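Written below as structure tokens is the structure these notes are about.
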Protein chains: 2
Amino acid sequence: MRSHYCGIVTKELLDQEITLCGWVDRRRDHGGVIFIDLRDRDGVVQVVFDPDSTGFEIADQVRSEYVLKVTGRVRARSEGTINPNMATGEIEVYGLGIEILNSSETPPFPLSEYTHVGEDVRLKYRFLDLRRQEMQNNLRLRAKITSVIRQNLEEQGFLDLETPILTRATPEGARDYLVPSRTHEGRFFALPQSPQLFKQLLMVSGFDRYYQIAKCFRDEDLRADRQPEFTQIDIEASFIDQEQIMAITEKMIRQLFIDVKGVDLGEFPRMPYAEAMAIYGSDKPDLRIPLQLVDIKDLMKDIEFKVFAGPANDSASRVTALKVDGGAEISRKQIDEYTKFVGIYGAKGLAWIKVNELEKGIEGLQSPIIKFLGDDVTMSIMERVAAKNGDIVFFGADKTKVVSEALGALRIKVGLDLDLTTCDWAPLWVVDFPMFETNDDGSMTALHHPFTSPSCSPEQLKEDPLAALSVAYDMVLNGTELGGGSIRIHDQAMQETVFEVLGIAEAEQREKFGFLLDALKYGAPPHGGLAFGLDRLVMLMTGAPSIRDVIAFPKTQTAACVMTDAPGEVNSLQLRDLNIALRKKESAEKPKAE
Amino acid sequence: MRSHYCGIVTKELLDQEITLCGWVDRRRDHGGVIFIDLRDRDGVVQVVFDPDSTGFEIADQVRSEYVLKVTGRVRARSEGTINPNMATGEIEVYGLGIEILNSSETPPFPLSEYTHVGEDVRLKYRFLDLRRQEMQNNLRLRAKITSVIRQNLEEQGFLDLETPILTRATPEGARDYLVPSRTHEGRFFALPQSPQLFKQLLMVSGFDRYYQIAKCFRDEDLRADRQPEFTQIDIEASFIDQEQIMAITEKMIRQLFIDVKGVDLGEFPRMPYAEAMAIYGSDKPDLRIPLQLVDIKDLMKDIEFKVFAGPANDSASRVTALKVDGGAEISRKQIDEYTKFVGIYGAKGLAWIKVNELEKGIEGLQSPIIKFLGDDVTMSIMERVAAKNGDIVFFGADKTKVVSEALGALRIKVGLDLDLTTCDWAPLWVVDFPMFETNDDGSMTALHHPFTSPSCSPEQLKEDPLAALSVAYDMVLNGTELGGGSIRIHDQAMQETVFEVLGIAEAEQREKFGFLLDALKYGAPPHGGLAFGLDRLVMLMTGAPSIRDVIAFPKTQTAACVMTDAPGEVNSLQLRDLNIALRKKESAEKPKAE
């Protein structure tokens, strides 16, 4: 119906007659002349109808969000009316004909400019919210990202293979969405938390290189960046080692940033997990911010001050300093805010020392805690952190987990607040993860998953499992984990050892992973892979503040769709077919699930 | 780990030292020399170890499906040992080193050659079954098909946009898979039967051109070509008419066949639904077979023979003839088979006339029914169908549906049996479908779906709904419906009229499609689309006999996965979380669902 999209009408089309289709973004009447900003997915162009134009009467009737087909001639705008903020701002279309393809009621919120509207209203009228330029851009970029990734992986020999959505409960550990079976009474499918086992089976099948942009499902309580269904770029390859799979996926992400953002991320640095935790208090450090943690446990062992000396003499605790360049300017009020902030992570307080005039020694420092530390220890700390005038040094002393999380988060917060970032994009690989972590009850769980290959022999694994590292790797960008993966176990004996260490009995192994264990018996090749979170990747690349801004039809925080009113009620006949019933409500005292 | 894939080792690599990884397809010992056929996803190559080779002892140990890394030098095979049936048959690799990467138990069925194994065994060991060359080829072709389609659609301006899997019950009419909600007690998500409503909303949102290779779900009793989850190439565009969307998708399928099969399907002919039913007894005629139905109702009205005269005088019935060129050779036994065959479709018998010597008039014909038809009527039929010596004419006389289905199916069966196909690929568009069809109880349902645009005005639609045609179109290839779609209703008044004709009350409209009706109020553009069944398309292009041969991990006919043992049992705690319970078994007399 159209000859051109609105957004691409530029000076090159001067004097040409064109036909456009789109929505009325705005309509203004200026001294009897009608100006219509016509919008389609490519952008907006101004169409002008004066009283002499054919169709002037119709143009006069249109309102916001009417759907039009307009014919007109492209002409230059007069000097004073050029709009440099618009891609089409140098021209306008003089209307020669107009047809109203559909009318519109007044939308519940304006679409042509951003106004603050409750997200519930935006989600209820999602089909209108998606008309906004921001949402159009986000979803177009998302489509472009998947397209570039597909092309890149296919060029690298990866096959797009589909795995089932109706499947068996997966071992990822999160809660499954269940689907009652009609034909198998009392039994349930689970929606996949990831295609992990299937992609490993595809390697056993000899497909050699697999990828899929796969929907995954987790019935978890939602946080800001979680959705019940999310999308994963899922990758697996055979006859490769860690170096190769890292090279393949690094190449993919670098190419993506070049194609989509015009940015070469360069070669990704690598950092062992232990170093990341020590220096950045995080396994996904944001390297845009140069601030680092400096451990000072050894300096604190013999002081009187219990707040520091206690953790300094406890092997499960950590005492660390965070020097912030130029941080002496931070106000007391702001320090109080930061103290509250680290409280979120369990820190009981936030000690600090401001460095005013270091050349004056202890006199040049300002802090409530120096008197507890003593002058010598204080000056040793200053030396260790290489403090200079104008800095502030924050302290953390508590269980290792608390200190790392609290100061790791503070590092980023202060860094962003003081604008200390040194670059826009800081990718890295975190490697050499521990194989297991200890639970509070002393038992162990796999840090990644139980199919991750250790980097030691089965004997060493059994001897000191907590010292064992895995052949696992996470790709991190700006403090966000973009993706992670591992080389998998392809050897039956090693797999059995891991299950043994984890205390998973044979019956449970068979029950949960029987088919994978079978597959290992029949010539499983060495293999490994990676999975990227597409939604997060798109968030990073668009700068969208919420995961809901990069998904066309997202769920709310209570896992509902307010537009379609899903989940909905179903009739009892349907439930009978599925051999299930709603559970009788229990006595009112019992807390409800919601 | 490898320098080359096995399947691409050819004469060009002569004398080079290469490294291969793969599985032992076969191992033979010929006079003390070990021949290993090594297989990877690209094919098979022969590796030779003689007693002088390094690694001979290891080569001697390997068995079928062991995983090897082999280094060797490419050399020409000697004259007599060249294998022209193998892509790599002119060379072999002289082994210089070998490493066993994994061993294998003896597989439950041989993989190097086809042997008849029950499908249940193949499905249980799917990870082995997928190693067979046939399955590798099918799934590689499937990946190639989706890749070409994506590229083609993206070049035509379509955006890959994801729609939800956890959604509200859709109006397609088949049974939904339900997912109990944990956070919304007593409510359920439904898995989508298609993204129909969402793609229409994306058009309302202004995305202009959408596509998705989308998983869809139907909890129906399975037939040979059905799966509980299937994949659809889903397409929708705005500001287009029927001609444009047909051109876009015809271009896509033509390009696909050129790229993947090296076949140009040419321009697709078009046929109105009424013509397809009249001449081929089917709305998806297989035009590879030139046989046609010829209606002879008018000739039968006045004869005595009730079997023909009854239907000839009933407006809901049909009397038709199917002339088969060269069919006089069909034996009586074969005719009995065909009689049984049409019985499947409800036909009570199969009358026939063999044309032996037409020049002798009625004497030259052979048939049990001529005496009932009378000579004149018989000869009129011969003339109408343009019979010639050596033909057979079959007859159908019954309710229209029975005759069309029975003779439509017979047309194809006889055509294939007698090898009458005139080409390998016969695509066409079927157009001008009726808007509605009548149910047995006299009510009407939409032949496509209630959002399909009629090709008449709301007034005409109300006046004679059964005469109304829709702007719908099906793409058919070799008698299979590849895809179908329609221009949708974008006008609220028209949508209301359709609901009115269908007798869907306003409350039900709001309950089921409230958000779509809302969307139509706020400037819905003219739009339409199409959906292709990817699984069927891949079946056609690979020639696979079963839909399960083109899906990596399919379900059985009872909607189960025998490999993972899905659906599985879940514990009562999980059900309690979901606010559901298993239904108490009813008395034993009641038939079970299965």
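Quick caveat, the model's predicted, so the values are computed rather than measured. In what follows, chains are A, B, ... by sequence order, proteins preceding strands, each numbered from 1.
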Please look at [X] and chain A and tell me whether the side chain, the backbone, both or neither of the residue comes under 4.5 angstrom of a heavy atom of that chain.
X	result
B:S64	neither
B:S103	backbone
B:R209	both

Nearest 0.5 Å, please: how far is [atom2] in [Y] from [atom1] in [X]?
X	Y	atom1	atom2	value
A:T19	B:F239	OG1	CZ	12.5 Å
A:T564	B:L166	OG1	CG	10.5 Å
A:D42	B:D208	CG	CG	8.0 Å

Problem set entry | chain B contact via A:L520 - side chain, backbone, both or neither, heavy atoms under 4.5 Å | backbone

Exercise. Tell me, side chain or backbone of A:D221 under 4.5 Å from chain B's heavy atoms, or both, or neither?
Worked result: both

For this session: Could you check A:R142 against B:L159 for side chain to side chain contact (heavy atoms under 4.5 Å, CB included), going step by step and ending with a plain yes or no?
Result: CA-CA 9 Å; A:R142 185 180 176 119; B:L159 292 176; over 6 Å; no

For this session: State, yes or no, whether a side-chain contact exists between B:L161 and A:L139 at a heavy-atom distance under 4.5 Å.
Result: yes

Exercise. Can you tell which of B:I580, B:L578, B:L178 makes a side-chain contact (heavy atoms from CB on, under 4.5 Å) with A:I580?
Worked result: B:I580

Exercise. Mind checking what makes ring pair (Phe, Tyr, Trp, His ring centres under 6.0 Å) contact with A:F553, not counting sequence neighbours?
Worked result: B:F198

Exercise. Do you know the tightest heavy-atom contact between A:T183 and B:T558?
Worked result: OG1-O, 3.1 Å

Problem set entry | B:R187 with A:D565: basic N within carboxylate O range, under 4.0 Å | yes

